[in-house]
K.L.:
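This is the structure I have questions about; it appears just below.
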Amino acid sequence: MQDIATPKIEVNEAESLAARYRLISERVSFAAREAGRAETDVTLIAVSKTHPVATLREALAAGVVEFGENRVQEATEKRAQLAGDAKRNRVRWHLIGNLQANKARRAVQTFDCIHTLDSATLAARLDRICDEEERAKLPVLIQVELGGESTKAGVAESELAQVVAAVRACSHLELAGLMTLPPYFEDTEAVRPYFRRLRELRDELRAREAFGTSGGELSMGMSHDYEIAIAEGATMVRVGTAIFGARD
Ligand SMILES: *Cc1c(COP(=O)(O)O)cnc(C)c1O
């Protein structure tokens, strides 16, 4: 791995949420510049799952505008409780966890972007619900399973084209990009091929104009590997622990 000179303070030494958020934001910008990309090219999503509303309020005050949640019900409640503040700050809510069919309506009502679309059936269902809920456009990312672990969520590479076609056939869904959640490796370098592969898949789809004008987001990278993800082209990183501290 290239030895990039990250800012000196360690995350766990940064005592407040605001300080940690500022630090991670700086590192994200730094990693983008190191990769020869614009800082604005990478969106930092603060993954607030399991943390209480009071903590999210603190995050809002620290300047967080993109929240990632993995449970529909939990996000719906938090969103409702933060309604006033969140609207002022133009907060966006990202669903980063598995979406069950029976939660689809709530998800459409709650989230600005869904990162975990994983089947043609779910696409059709979301589209129908958007129609009923009078939601003109719902940006979705297709979650791709690159690890070959069939138990995990996501679309296998071999089925990606079919799901892309299904999303594109939906009038209310906007194919915003691809997302992946690679297996966990102690050695973060081992994850790089997964990020690289997702970018290749994105580039192939982009060449076929599958993403319309957006070009295709790449949602990849978490607390322990977001810098590698950015080096490999991530446009959205999902960072929880490094901002909010450990979850119970
Ligand atoms: C929890 C979660 C994250 C954040 O993980 P951290 O290691 O806490 O940064 C990112 N992506 C997904 C899909 C998650 O479920």
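Both counts, for ligands and for their atoms, begin at 1 and track the order of listing. This chain uses plain numbering: 1 for the first residue, then up along the sequence.
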K.L.:
Name the closest protein heavy atom to atom 12 (C) of ligand 1, giving the residue it belongs to and the distance to 0.1 Å.
P.N.:
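Protein heavy atom with the smallest distance to atom 12 (C) of ligand 1: Ile96 CD1, 3.5 Å.
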K.L.:
Between Tyr194 and Phe185, what is the ring plane arrangement, given parallel below 30°, perpendicular above 60°, and tilted in between?
P.N.:
tilted
K.L.:
Determine, using the 4.5 Å side-chain heavy-atom cutoff (strictly less than), whether Met236 and Val65 are members of one ILVMFWY cluster.
P.N.:
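No; tracing contacts between hydrophobic side chains, which count when under 4.5 Å, never links both residues.
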K.L.:
In a check of side-chain contact (heavy atoms from CB on, under 4.5 Å) between Phe211 and each of Arg202, Arg168, Glu174, which one passes?
P.N.:
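For Phe211, the side-chain contact (heavy atoms from CB on, under 4.5 Å) test succeeds with only one of Arg202, Arg168, Glu174, which is Arg202.
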K.L.:
At a non-hydrogen distance cut-off of under 4.0 Å, which region of Arg247 contacts ligand 1 (side chain, backbone, both, or neither)?
P.N.:
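Side chain only.
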K.L.:
Salt bridge check: are Glu69 and Arg79 linked by an N-O gap of less than 4.0 Å?
P.N.:
no
K.L.:
Report, in ascending order of atom number, the atoms of ligand 1 lying under 4.0 Å from any heavy atom of Arg238.
P.N.:
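Checking each atom against Arg238, I get 4 (C), 9 (O), 10 (C), 11 (N), 12 (C), 13 (C).
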K.L.:
Just need the protein heavy atom nearest to atom 3 (C) of ligand 1, so name the residue and atom and give the distance.
P.N.:
Met222 CE, 3.6 Å
K.L.:
Can you name the atoms of ligand 1, numbered from 1 with element, that are less than 4.0 Å from a heavy atom of Thr241?
P.N.:
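Those qualifying, in numeric order: 6 (P), 7 (O), 8 (O), 9 (O).
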K.L.:
Could you say whether the N/O atoms of Val47 and ligand 1 ever approach to under 3.5 Å?
P.N.:
no
K.L.:
Using a 4.0 Å cutoff against the non-hydrogen atoms of Val239, which atoms of ligand 1 qualify?
P.N.:
9 (O)
K.L.:
Hey, is ligand 1 close enough to Ser223 that some N/O pair sits below 3.5 Å?
P.N.:
yes
K.L.:
Examine Met179 and Phe111 and state if one hydrophobic cluster contains both, with Ile, Leu, Val, Met, Phe, Trp and Tyr joined whenever side-chain heavy atoms are less than 4.5 Å apart.
P.N.:
no
K.L.:
Is Lys49 salt-bridged to Glu74, cutoff N-O under 4.0 Å?
P.N.:
no
K.L.:
Where does the angle between the aromatic ring planes of His94 and His115 fall among parallel (under 30°), tilted (30 to 60°) and perpendicular (over 60°)?
P.N.:
perpendicular
K.L.:
Could you tell me if any non-hydrogen atom of His224 lies under 4.0 Å from any atom of ligand 1?
P.N.:
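Heavy atoms of His224 never come under 4.0 Å of ligand 1.
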K.L.:
Which residue and non-hydrogen atom of the protein lie closest to atom 14 (C) of ligand 1, and at what distance in Å?
P.N.:
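Result for atom 14 (C) of ligand 1: Lys49 NZ, 3.0 Å.
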